[in-house]
Amino acid sequence: MHLLEAEVELISCCYRTIRDTMFGIWGKSHHHENDSLRPDVKINELKAAIGPLSGRSMQFCTDACFRRYLDARNGNVDKSKKMLEETLKWRSSYKPEEISWPEVAVEGETGKVYRASFHDRHGRSVLILRPAMQNTTSLDNNIKHLVYLIENAVFNLPEGQEQMAWLIDFTGWTLNTSVPVKSARDTINILQNHYPERLAVAFLYNPPRIFEAFWKIVKYFLDTKTFHKVKFVYPKKKDSVELMKQYFDEENLPTEFGGKAVLEYNHEVFSKLMTQDDVKSAAFWGRDNKIHHSTNGHSGAEVAPEPACVAPAAS
């Protein structure tokens, strides 16, 4: 009897040893796996992979920036590293933070793209695009103008918010006023690869049926994440109207997008606003910003007065 009890005890002891060992290994493995998925761990891995930074690259590469690039590449550090390195190279040569309003003001005379004075319900900056208001033919200058406004929209984001919303008004749009496919492709490339996770949503408001032909080509340039951020909105469809209400307060949203606010783009007022922002941006990036006074909207005063709103302010 004593021998049997001893054998049972020995078997139980062996079982407990095996159990504790296996669970210990699994627990450590599971713990490490969870660690590798933690955002701060991934951010530190990406920081180490990128290496030491200086100057504006160091300013640009905040923890939030690292996180956006990781999100854009689904947490893959190697792919995020490659993407971020390409952006740093692009910013070093293109210098988007050095573009000033006088360089692109002529592109904005018709208000084809501008930053709205209201935000969406989440506090995001809003860019309004009106492709039918195209007024120039230079593809490079059109892209430079858009890059300037993307930088401006990001610069004016409230604390804790990292994304912007786009409202695209197709009133009067035709194939004759559409941007060339190459320009659309280059624009998408810059937005996706150099401003990842900056776009929260893009509303294509009431595009005509003929736009479908253009969209069939352009959509292939979009990655999956960006593609799902594009929303087609039609004012006669109830679900479209409800979708807009989810993102915008009707009192702030212009009538062109189904809201109640009266939208009136004033180029002179907007130029003064951009000139003010140029001064702030120059101080932030640590560069000299000499802007000469002009009253034609092509440049602004070095210190402009507080501008009136180009659209109703958010409540």
Side-chain angles (χ1 to χ4, degrees), residues 101 104-105 107-135 145-146 148-174 177 191 198-208 211 229-278 280 297 300 304-315:
W101 180 246
V104 297
E107 297 292 334
E109 287 181 347
T110 59
K112 62 187 176 188
V113 187
Y114 65 95
R115 177 172 61 83
S117 60
F118 61 90
H119 296 80
D120 71 1
R121 292 187 185 276
H122 300 279
R124 303 181 183 112
S125 294
V126 177
L127 283 187
I128 292 179
L129 296 83
R130 302 188 292 179
M133 305 297 286
Q134 181 59 261
N135 63 323
H145 176 233
L146 180 61
Y148 171 86
L149 288 170
I150 291 175
E151 288 278 320
N152 182 266
V154 169
F155 189 75
N156 282 280
L157 286 170
E159 186 176 354
Q161 180 55 258
E162 298 180 23
Q163 295 184 305
M164 58 185 159
W166 286 14
L167 286 172
I168 307 175
D169 177 15
F170 279 89
T171 301
W173 185 91
T174 67
T177 59
L191 179 64
R198 282 300 193 184
L199 180 67
V201 62
F203 292 99
L204 278 59
Y205 195 83
N206 204 25
F211 177 75
K229 293 175 181 179
V230 177
K231 311 294 182 185
F232 283 78
V233 176
Y234 300 94
K236 293 182 180 180
K237 291 187 176 181
K238 185 178 179 181
D239 56 343
S240 287
V241 174
E242 290 302 317
L243 181 64
M244 292 296 284
K245 288 181 179 179
Q246 290 177 23
Y247 284 86
F248 298 97
D249 184 335
E250 283 184 294
E251 299 300 322
N252 298 323
L253 190 65
T255 54
E256 288 86 344
F257 297 98
K260 298 179 179 180
V262 177
L263 175 67
E264 183 178 349
Y265 176 75
N266 185 314
H267 186 59
E268 185 176 352
V269 170
F270 190 72
S271 293
K272 290 179 180 179
L273 179 63
M274 293 301 98
T275 300
Q276 285 185 330
D277 283 351
D278 281 353
K280 297 173 186 175
E306 185 66 26
C309 294
V310 293
S315 56

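- By the side-chain contact (heavy atoms from CB on, under 4.5 Å) test, N152 is found to be paired with R115, N156, M274, D277, residues two or more places apart in sequence or in another chain being considered.
- Counting all heavy atoms, side chain and backbone alike, S125 lies closest to A153 at OG-O, 2.9 Å.
- Interatomic distance, CG of L263 versus CD of E256, reported as 4.5 Å (0.5 Å rounding).
- Partners of Y234 under the ring pair (Phe, Tyr, Trp, His ring centres under 6.0 Å) rule, at least two apart in sequence or in another chain, do not exist in this structure.
- Taking every heavy atom of both residues into account, M164 and I150 meet most closely at CE-CG2, 3.6 Å.
- In terms of the side-chain contact (heavy atoms from CB on, under 4.5 Å) criterion, residue partners of E162 (sequence neighbours excluded) are, by chain and number, A64, R67, R68, R198.
- The aromatic rings of H145 and W101 are tilted relative to each other, their planes meeting at an angle between 30° and 60°.
- Scored by the ring pair (Phe, Tyr, Trp, His ring centres under 6.0 Å) test, F257 finds Y205 as partners (sequence neighbours excluded).
- Expressed to the nearest 0.5 Å, how far NE2 of H122 lies from CD of Q246 amounts to 8.5 Å.
- If you take NZ on K231 and NZ on K229, they are separated by 10.5 Å, rounding to the nearest 0.5 Å.
- The shortest side-chain heavy-atom distance between W173 and P208 falls under the 4.5 Å cut-off.
- To the nearest 0.5 Å, atom CZ of residue F170 and atom CG of residue L129 are 9.0 Å apart.
- When the side chain to side chain donor-acceptor pair (under 3.5 Å) test is applied to Q161, no partner is found at least two apart in sequence or on another chain.
- Under the salt bridge (Lys or Arg N to Asp or Glu O under 4.0 Å) criterion, E159 pairs with no residue, sequence neighbours left out.
- Residue V126 comes nearest to D120 through the heavy atom pair CG2-N, 3.8 Å, listed as atom of the first residue, atom of the second, then distance.
- Note: D249 CG to K260 NZ = 9.0 Å, rounded to the nearest 0.5 Å.
- Looking at residues two or more places apart in sequence or on another chain, you find no side chain to side chain donor-acceptor pair (under 3.5 Å) involving R130.
- The two atoms that bring A261 and N252 nearest to each other are CB-O, 3.4 Å, heavy atoms only.
- To the nearest 0.5 Å, the span separating CG on L253 from CE on M244 amounts to 4.5 Å.
- Partners of Q163 according to the side chain to side chain donor-acceptor pair (under 3.5 Å) rule, which considers only residues two or more places apart in sequence or in another chain, do not exist here.
- The two residues I168 and P131 have their closest heavy-atom pair at CG2-CD, 3.9 Å.
- By the side-chain contact (heavy atoms from CB on, under 4.5 Å) test, T171 pairs with D169, sequence neighbours left out.
- Scored by the ring pair (Phe, Tyr, Trp, His ring centres under 6.0 Å) test, F203 finds Y247, F248 as partners (sequence neighbours excluded).
- For E151, the side chain to side chain donor-acceptor pair (under 3.5 Å) partners are R91, Y195, not counting sequence neighbours.
- Screening residues 232-241 for salt bridge (charged side-chain N to carboxylate O under 4.0 Å, His left out) gives no qualifying pairs among residues at least two apart or on separate chains.
- The heavy-atom pair separating V113 from L149 by the smallest distance is O-CD1, 3.2 Å.
- Under the 4.5 Å side-chain criterion, counting only non-hydrogen atoms from C-beta, E250 is in contact with K245.
- Checked by atom type and distance alone, the side chain of Y265 pairs as donor or acceptor with a backbone atom of G108 at under 3.5 Å.
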